[in-house]
Each structure stands twice: as C-alpha cells, then as structure tokens.
Amino acid sequence: MGWEAVAFVGPIGWGGGERGRWSGRYRDGIQMALVCGEGFQSALIEEDPGWGVRQLHRAPGVHRGSRTARMWALANAVHVDSVTRGRRGSRSSRRKPQGSGRSLEGSETEGGHAQTREASPRTQGRKQVPVGSGMVGVGERVMAAVDSSRVVKVVEMLQGFGLSIEDCAKVINRRPGILSIDLVQDVERAMKFLHAPPLSMTTKQVARVMRDGPQIFEIRDSSVMESRLQYLTNEVGLGEDVLASTVAKRPRLLWLSLPIARANVEWLVKTVGLRREDLGGVVTQVPQVLILSTDALQTNVDWLRETIGFSREKSAKFITRYPQIFSFKVETTLEARRQYFASLGLDAAAIRRILQETPSVLEESIDHCLKKKVAVLENWGLDTKEDIAKVFSNASGIFNVEISEHMRWLESLGLGKEQVCDVIRNYPQVLLHSIPTNLAPKWDILSSNLGLTISEIVEYPQCFQYSLERRIFPRIAVSMNLDLVGKLNWKTIVGGTDKEFCDVAGLEIDYYRDFLRSDALSLLRAPLV
C-alpha cells in the first residue's frame, strides 16, 4: 500500500501542537491535522510509499497524541464516509452528534453517517480515502478485520461488565482478537468459569479480568484454566479465600506456563531462600513472580544483597514480608531511593534499618513525599544532615504520617520551636505516636496526676513510649494507694522496670503483680481517667 489515511474522533488533546490546529510536518510527505471539540476530528496523511500508519505513530511528537486519538476513535465507534483535511469547525460543527454518526458541519446522512464537506483549495487535487462505514484509526490489524458495528457490540458488552469507555478502547487495541469472539457462547463460558467455585469472583473482580485479561474469551477449553487453578492451590499454596483476588490482580495466571512457574518456585526456594509455606503469601501479593524470568527477578535480589547489604537469610525475610520488591526496577526506583537517602547523610546501616522497618518507603515518590518530609523538618529547624539522618533512621514510619500535626500539637502545649526540635532530637519516635489515642491522653494523665511539666517533656520525651494500660495507670494507682505521689519523682514512678519501681517504693514484686490482677486496680483507675 502506497499510503494510508486515519480518522480520529473524541474529546482528545494533541501531543504535537495546539488544539484544533495543524500539528506540523513530522516527516517528508506526511502531514496531520485535528479538529478538536465535540465535533468530528479528521486527518490526512499524504502519499508516501515509505511510511504507513504504524510508522507515523512512532514519529517524534506524534506518538502520544495519535495513540490517544486511536483509542478514542475505537471506543466511540464513529462511522466515517471519507477522510479529508481537518479544519476547526464552527459552533454548529461541534454540537453533539445525533444517531450513530458525527458530522463535519453539523449535518448527517440518513443512515447516521457523517457527510464530508467539500475539499478546501489547499486539499483540492489531493487523494481522499473512501472508508465506508468501517472503523479507521485503530491500527492495521483492527482496520482489516472488522467494521464499526462489531466494535460497538464489543464495547457495549465490556461496558456491561463495568469497564469505562477508555478501558474498552485499551482492551480492543491491545487484544484485537476480542472482536472475533462469539458474544454469546464465549462470554457465557468465561462468566460461568469466573463465577463458579473455586473462584466465585465478585463483579469488580470479573471487570478487572475483562480489562487486564481479555484473552479469557478466546480460551475455548476451560480445563486449561482449571489446571492452573489446581496448581496455584495444591502446589503454590494459595487458599481459596485469596485465589479470586490473586487471579483478578494477574489474570495471566489462568494460562501461565506451568514449566516456567515450577522453575520459578524452585528458584525462590533454593536460590532466594524462601520457605515453601511462605510462597502462597508472596504470590498473592506479587503474582508475576510465577511469570517473569528468574534473570529479571535475580536483579532485585542482587540489589538487596550486594547494594543494601542484606544476608541471604535477611533478604529472604525481607522478600517474604515485602514481595512487592519484585515490582520495581532497580535503576529507576530502588537505586534512586537509596541514593537519595545517602545524599541526606544516612549510612548503609541506617538505610538497611529504614527498609527493614518501613519497606513501603520504596513506593514513595522522592519529589512528592520524601523531599516534602525533609522540607517540613527543615522548616521547623531540624535542618542539619545529622538531624534529618537521626529522624529518618529512628522513625522511618514518618513517611506514612503527617508529621507537621505532631509538631503543632507539641507547640500547642506551650513549647517553642526550638523545644519542639529538642523533643524530636531526643525521641524521634514521638512523630509516630497517635495524638488522640497516645500523646494527648498520656500528657493529660501524667501532668494532672504526677505534675509533669513542659520542661520535663523536653528533657525526657521518652515518657510517651510507656503504655498507659500496662505501666502508667498501674504505677500511678499503686503510688496513690500507698501515698507515694509527691514523695517519688514522676520519672521514678513510670520510668524503670517493675522490679526497680518496687525496690524504690518498698514493695514486694509479687505483691505488685497480684495487685495488677486484682479488682482494686480497676477501682483506682476510674478516677485517674
């Protein structure tokens, strides 16, 4: 074919130029234009023996816009009579379509097909392509196989399962074979399989399978998928309670290669060091470990061992706890975060501790999360590398907490900014405690019953780490019962071990433990609250 034409439809933007205007000449002999808005959008590709639609989509500045346009054209299933050079239309040309077609100038033929306007002087003499009622602009494979009415039926079927119009377009562009399925028998067979035990999928899970695994409609023999389910339950160890959610997350499991999956399992056990009883949990969270090559997975394991410094045993424990490590690319995600932490002054041991305590930090955006946490600390006065490194290495969970609220709460007690910084330097974990269920109740109890002051919080903020139920309430109750409040320092009452407290209070440890189990503690606790 010497040349090809494409028509685009839908409320799209254009990656290569201003909306509704010529996007420019990207290659000798190729020009493209879009008319945006609610009306028809068209394009003409001039004759060029060396270029086709697929090549044009890869041309600089065209790829993103043309891909989006293709998907919208497919999803809207618009009927087009011919393709001509686009020009921004008047208001009438952009009004909403009636029937099944859209109009270039606001008018339609009897069958709902758009009428093309007369070619402008600039397009006279140039070839125009009659495309009938077929669907164009969706890639060569689809163009050659179906007409728009077939696309409409498939889109309606997919939408019936809850897919958005954008998802429908992506499914058909990614898997054109779906346009050839029997919309009665193939769909019924797939639905019967997904809804029946052992999967018993919910409506949302079925929709996810439709979106990410439309190949299921093309598998005529259900025994292929049944054998995969048996493998997942019997050999991998997935329970029926998680089987449906795991398959919905990665529908490709239903037709995975069993030899590859078994080889991956052996690699996880023998090379990585995972226990067989932990395989089910790993696959549940990251099903692709049964699909990807072991060479690709090994790269992430090597990063944990060689770059981070985990031993074989610790790397296996890390992967068991956080198998999502296999979802990230080493160069663009994992190494980028390690280098950022190193730039803050954290040494290798501190980075290992952060990953062990808060592995989900690997998911956080450097610009939108990590740097913002640093900015909050710096704005309050914790602006040295030593301060930031101490906070991050001792309270790595701050990436999941709004730490500015904790700082404002400390300030509300009467602490100045420098005192707030001192509290955080002395006990960074204070940023991890819940204000309503931890910090505020402890402050109220300790200040009202033991006379805790603001300056003492700055001096010993570790008082917030003690349990209200297991230490603070019982110690205060015993001290009040023995009239020790006021005679003993508050730190002595709540700070030491049970034996140290009993030694200072002159109590037998057995007496104190019996007291903790008695009803007297409950009676004394009420007035404290």
Side-chain angles (χ1 to χ4, degrees), residues 64 285-286 300 303-304 307-310 318 321-440 442-443 454 457-458 461-462 464-465:
R64 185 174 182 182
Q285 297 184 67
V286 187
N300 295 51
W303 182 80
L304 285 174
T307 304
I308 300 302
F310 283 141
F318 180 90
R321 180 186 176 193
Y322 190 72
Q324 291 88 342
I325 185 74
F326 289 123
S327 302
F328 306 125
K329 292 184 177 180
V330 171
E331 299 80 7
T332 57
T333 302
L334 303 180
E335 188 59 13
R337 278 142 188 80
R338 186 200 67 80
Q339 291 177 1
Y340 178 70
F341 286 131
S343 72
L344 297 176
L346 276 71
D347 59 19
I351 294 175
R352 280 197 298 273
R353 187 160 56 249
I354 288 175
L355 295 184
Q356 285 176 315
E357 295 179 359
T358 315
S360 60
V361 71
L362 294 172
E363 304 172 20
E364 303 294 351
S365 165
I366 293 176
D367 291 329
H368 297 106
C369 178
L370 305 185
K371 287 184 177 180
K372 286 187 176 181
K373 298 297 183 184
V374 172
V376 171
L377 295 173
E378 290 177 339
N379 289 338
W380 279 82
L382 295 162
D383 50 6
T384 67
K385 279 192 173 183
E386 292 75 14
D387 288 338
I388 294 172
K390 185 173 183 179
V391 171
F392 277 23
S393 59
N394 288 282
S396 57
I398 65 170
F399 306 115
N400 302 318
V401 178
E402 188 58 55
I403 59 176
S404 56
E405 294 181 1
H406 291 71
M407 293 173 162
R408 287 193 294 269
W409 180 80
L410 290 170
E411 192 177 41
S412 71
L413 300 181
L415 276 67
K417 273 196 171 183
E418 186 56 38
Q419 290 177 310
V420 171
C421 291
D422 287 339
V423 169
I424 295 171
R425 289 189 187 101
N426 293 332
Y427 184 57
Q429 294 88 336
V430 72
L431 298 172
L432 306 180
H433 296 317
S434 166
I435 295 174
T437 63
N438 191 314
L439 299 179
K442 288 176 182 177
W443 163 253
I454 291 173
I457 286 181
V458 176
Q462 289 82 356
F464 289 118
Q465 72 179 316

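Because only heavy atoms are used, hydrogens play no part in the values below, and waters and symmetry mates are left out as well, while side chains stay in.
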**OP:** Work out which heavy atom in C421 is nearest to a heavy atom in W380; give both atom names and the distance.
**Re:** SG-O, 2.9 Å
Original post:
What distance do I424 atom CD1 and I403 atom CD1 have between them, rounded to the nearest 0.5 Å?
Top reply: 7.0 Å
**OP:** List the steps and the verdict of side-chain contact (heavy atoms from CB on, under 4.5 Å) for Y322 and Q285.
**Re:** CA-CA 9 Å; Y322 190 72; Q285 297 184 67; over 6 Å; no
Subject >> Close side-chain approach of V361 to R337, heavy-atom, < 4.5 Å >> reply: no
**OP:** Looking only at non-hydrogen atoms, find the nearest pair between I454 and L415 and report the distance.
**Re:** CG2-CD1, 3.0 Å
Original post:
Considering only heavy atoms from C-beta outward, does the side chain of N426 approach that of P461 to under 4.5 Å?
Top reply: yes
**OP:** Given side-chain contact (heavy atoms from CB on, under 4.5 Å), test W443 with W409 step by step and report yes or no.
**Re:** CA-CA 11 Å; W443 163 253; W409 180 80; 4.2 Å; yes
Original post:
With a 4.5 Å heavy-atom cut-off, do R353 and S396 have their side chains touching?
Top reply: no
**OP:** Would you check if there is a donor-acceptor pair between the side chains of E363 and Q324 at a distance under 3.5 Å?
**Re:** no
Subject >> Distance-minimising heavy-atom pair for L431 and H406 >> reply: O-NE2, 3.3 Å
Subject >> Separation between CD1 of I366 and NZ of K372, rounded to the nearest 0.5 Å >> reply: 14.0 Å
Original post:
Do other residues, nucleotides or ligands put more than 12 heavy atoms under 6.0 Å from the NZ atom of K329?
Top reply: no
Subject >> Close side-chain approach of E378 to V374, heavy-atom, < 4.5 Å >> reply: yes
Original post:
Taking the side chain as C-beta and beyond, is there a heavy-atom pair between K385 and L344 under 4.5 Å?
Top reply: no
Subject >> Pairwise distance CZ(F341) to CZ(F392) - rounded to 0.5 angstrom >> reply: 6.5 Å
Original post:
D387 and R425: which non-hydrogen atoms are nearest, and at how many Å?
Top reply: OD1-NE, 3.2 Å
**OP:** Decide, yes or no, whether a salt bridge links R408 with E402 under the criterion of side-chain N to carboxylate O below 4.0 Å.
**Re:** no
Original post:
side-chain contact (heavy atoms from CB on, under 4.5 Å) between Q429 and F464: does it pass, once the steps are laid out?
Top reply: CA-CA 9 Å; Q429 294 88 336; F464 289 118; over 6 Å; no
Original post:
What's the shortest heavy-atom distance between T437 and S434, and which atoms?
Top reply: OG1-OG, 2.8 Å
Original post:
Can you check whether I325's main-chain N or O pairs, donor with acceptor, with N300's side chain at less than 3.5 Å?
Top reply: yes
Original post:
Could you walk me through whether V286 and S327 pass the side-chain contact (heavy atoms from CB on, under 4.5 Å) check?
Top reply: CA-CA 7 Å; V286 187; S327 302; 3.9 Å; yes
Original post:
Does I308 offer a backbone N or O that forms a donor-acceptor pair with the side chain of R352 under 3.5 Å?
Top reply: yes
**OP:** Can you see which heavy atom on L432 is nearest to which on I398, and at what distance?
**Re:** CD2-N, 3.4 Å
Subject >> CZ-CG distance between F399 and L370, expressed to the nearest 0.5 angstrom >> reply: 5.5 Å
Original post:
Could you state the interatomic distance from CD (E386) to CG (D383), rounded to the nearest 0.5 Å?
Top reply: 10.5 Å
Original post:
Is the backbone of I354 close enough, under 3.5 Å, to the side chain of E357 for a donor and an acceptor to pair up by distance?
Top reply: no
Original post:
Got M407 and L410 here, is their nearest side-chain heavy-atom distance under 4.5 Å?
Top reply: no
Original post:
CD1/I388 to OG/S393 distance, rounded to the nearest 0.5 angstrom?
Top reply: 11.5 Å
